[in-house]
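Worksheet: the structure to be examined is printed underneath.
All chains are named by letter (A, B, ...) in the order of the sequence lines, taking the proteins before the strands, and each is independently numbered beginning at 1.
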2 protein chains.
Amino acid sequence: MSVTSFEANLKHRCSSCSLREICLPLGLDAEEMTKLDDLVKRRRRVFSGQSLFRAGDPLQALAAVRTGFFKIYEVSVSGQEQITGFPMSGELMGLDAISTGTHRGNAVALEDSEVCEIPFTRLEGLLSDLPRLQHQFHKLLSGAITTDHTLVMILGTMTAEFKVAAFLLNLSDRRGQRGEDPSEILLPMSREEIGNYLGLKLETVSRMFSKLRDQNLIETEGRKTFIRNRKALKALCQQGSVT
Amino acid sequence: MSVTSFEANLKHRCSSCSLREICLPLGLDAEEMTKLDDLVKRRRRVFSGQSLFRAGDPLQALAAVRTGFFKIYEVSVSGQEQITGFPMSGELMGLDAISTGTHRGNAVALEDSEVCEIPFTRLEGLLSDLPRLQHQFHKLLSGAITTDHTLVMILGTMTAEFKVAAFLLNLSDRRGQRGEDPSEILLPMSREEIGNYLGLKLETVSRMFSKLRDQNLIETEGRKTFIRNRKALKALCQQGSVT
DNA sequence: CGGAAGATTGAAGAAACTCAATTTGTGTGG
DNA sequence: CCACACAAATTGAGTTTCTTCAATCTTCCG
């Protein structure tokens, strides 16, 4: 092994990864983390617009986002597309493929990104030996269900304005969890993609951005969006609904 | 142990349960199933309208529906309710609570029901010893994500008519999986509950039932709903969408 | 700097919602 | 077993929200 690849290896182990408190290694001790490390193929690059996996692909490996942003979308029998999530750093992709062994979703990078790949069969083997890893894995699976329920709640009960507000707050919160400035959001997805995710047309999304801007709740500057009045934005989401 | 309880025990083990091909024991051999059996508290009755667990309750046990029907609903900070699922026999409830250890959902029986309770901590212990059970558990967790994505797809892309059609077909398919007549659906939930689940008002649901009836796709008789033209109903779902 | 893609805004239309009246279904007590 | 009362479901009419279609403006790359 060359010096450079050795250094690269050191630099890119779970133990030194800034996302270890969000990702699969959470709660593991040094020895356990090493075992997990041995499984992980790190730093696969996926350039903006490229696919990491497609619907119909067999599940080989789960993928954790290291850097960047993805969208996951599914296509119904009628050809309708629905974005089911925008995974960012530390979040796992492909969990829904375990049930059938085949991906239903399509994962596309929204910006140049890097992922860590975790071969699923080998991971399951390791889980039996490492109860803490097993539990964390279950928490992540369960957390994916919770995330989906939140989206169902948004889709089922909210008006367009509140949907967009909730969307921005969600991205903001996730930035905060990663130690980034929660009031400055760089949106890597288009209005159309936001609309698709929220069950709205792109024009409606655009109008709601304008509406929130007119209320001085947010500010926009190209793809950057600033949250100017977090409190009021939150109050908006908590107040408003259709049903 | 008395004779009666011994008999009851025999009668209500996973190995003789008609749902074992849907539920947690799928794929286990006899010995493995016995170990799982030892964990399960069977036949807890939950009468119509009663809660099995509520949001805020600590997760003690997962629950598999043995007989009957439940609704799971979550309440947002704004007080909005959203039904996230209608679990029926063989389906697990409480998986979303693993991530935090606390239930977010409320489980209410829609008719007199019975559940098998599986203490979660003990189950996780057993998973390490039984790789096949572990895998099946992961499949069920993953399947819950898939189910949620299907709902997201329905909420995000479908019109009222197609939502209701998709809802009826889903219930019908699940009856079929259980060996029951898929064209005769006994709806234990109200129009309001269906509407809440689908992001519609109860009046809209009622109108769509009437519309489907006028097209001779379904027939209704009290709470019973018959699927009269399954093919056309399916074609409807596959054709139609908003976005 | 020019062209294309994305975003914004306006006006008109459609889908679903609200409010209200009526009908049907369900469960209970006489 | 029937009658009554209450809850659920249906249907209609008018309103709101979001969508559709179209024009313009902005941003981003080559």
Side-chain angles (χ1 to χ4, degrees), chain A residues 47-49 71 80 82-83 110-112 154-168 185-215 218-225 236 239-243, chain B residues 47-49 71 80 82-83 110-112 154-168 185-215 218-225 236 239-243:
Chain A
F47 294 106
S48 182
K71 70 169 173 183
Q80 282 300 308
Q82 173 68 45
I83 295 173
L110 294 174
E111 56 187 40
D112 293 349
I154 288 171
L155 289 171
T157 69
M158 286 189 173
T159 61
E161 185 179 6
F162 305 137
K163 282 179 177 179
V164 172
F167 173 74
L168 291 173
I185 308 170
L186 186 61
L187 294 172
M189 68 291 281
S190 68
R191 297 287 187 261
E192 185 166 15
E193 287 166 329
I194 296 171
N196 182 294
Y197 179 66
L198 296 173
L200 300 171
K201 294 285 137 190
L202 70 97
E203 296 94 329
T204 307
V205 174
S206 184
R207 278 182 240 276
M208 295 309 135
F209 268 87
S210 301
K211 197 170 176 184
L212 294 173
R213 203 185 310 116
D214 293 346
Q215 297 171 266
I218 65 170
E219 221 169 297
T220 57
E221 196 177 278
R223 0 194 65 198
K224 262 190 206 147
T225 300
L236 200 65
Q239 149 211 156
S241 53
V242 180
T243 315
Chain B
F47 294 105
S48 182
K71 69 170 173 182
Q80 283 299 309
Q82 172 68 46
I83 295 173
L110 293 174
E111 56 186 43
D112 292 350
I154 289 170
L155 289 171
T157 70
M158 285 187 173
T159 61
E161 185 179 4
F162 304 137
K163 282 179 177 179
V164 172
F167 173 74
L168 291 173
I185 308 170
L186 186 61
L187 294 171
M189 67 291 281
S190 68
R191 297 288 187 259
E192 185 166 17
E193 288 165 329
I194 296 171
N196 181 295
Y197 179 66
L198 296 174
L200 299 171
K201 294 283 138 190
L202 71 96
E203 295 95 330
T204 306
V205 174
S206 183
R207 277 183 241 277
M208 295 309 133
F209 267 87
S210 301
K211 198 171 176 186
L212 294 174
R213 204 184 313 115
D214 292 347
Q215 297 171 267
I218 64 170
E219 222 170 297
T220 57
E221 195 178 278
R223 0 195 66 199
K224 261 191 209 148
T225 300
L236 201 65
Q239 147 210 157
S241 54
V242 180
T243 314

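No donor-acceptor pair closer than 3.5 Å links the side chain of B/D112 to the backbone N or O of B/F47. The main-chain N or O of A/L186 is never found under 3.5 Å from a side-chain atom of A/K224 such that the two would form a donor-acceptor pair.
Closest of all the heavy-atom pairs between A/L155 and A/G199 is CD2-N, 3.8 Å. B/M158 approaches B/K163 most closely through the heavy-atom pair O-CE, 3.4 Å.
Checking C/dA16, D/dC18, D/dT20 against the side-chain heavy atoms of A/L200 singles out D/dC18 as nearest.
In this structure, the CG atom of A/N196 is 12 Å from the P atom of D/dT19, given to the nearest Å. Note: NZ (A/K224) to C1' (D/dT26) measures 17 Å, nearest angstrom. We find that NZ of B/K211 is positioned 12 Å from C1' of C/dA14, with the value rounded to whole Å. One can place CG of A/L187 at 16 Å from C1' of D/dC28, the figure rounded to the nearest angstrom. Taking atom CD of residue B/E221 and atom C1' of nucleotide D/dA9, one finds them 16 Å apart after rounding to whole Å. Between the CG atom of B/L198 and the C1' atom of C/dA16 there is a distance of 13 Å, rounded to whole Å. For the pair B/L186 CG and C/dT26 P, the computed distance is 10 Å after rounding to whole Å. B/M208 places its CE atom 12 Å from the P atom of D/dT11, with the value rounded to the nearest Å.
Taking the side chain to side chain donor-acceptor pair (under 3.5 Å) definition, one finds that B/R213 meets it with B/T220, sequence neighbours left out. Checked against side-chain contact (heavy atoms from CB on, under 4.5 Å), B/S206 has no partners two or more places apart in sequence or in another chain. In terms of the side-chain contact (heavy atoms from CB on, under 4.5 Å) criterion, residue partners of A/E219 (sequence neighbours excluded) are, by chain and number, A/F226, A/R228. Annotation: side-chain contact (heavy atoms from CB on, under 4.5 Å) contacts of B/R191 (sequence neighbours excluded): B/L187, B/I194, B/L202, B/V205, B/F209.
The number of heavy-atom neighbours closer than 6.0 Å to CD of A/E111, taken from other residues, nucleotides and ligands shown, is above 12.
Rounded to 10 degrees, the angle separating the terminal axes of the helix from C/dC1-D/dG30 to C/dG30-D/dC1 is 50°, with each axis obtained from five end pairs.
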**Report entry** Letter per nucleotide, 5' to 3', of nucleotides 5-13 of chain C [B base touched, S only sugar-phosphate touched, - untouched; heavy atoms, 4.0 Å]
**Finding:** --SBBBB--
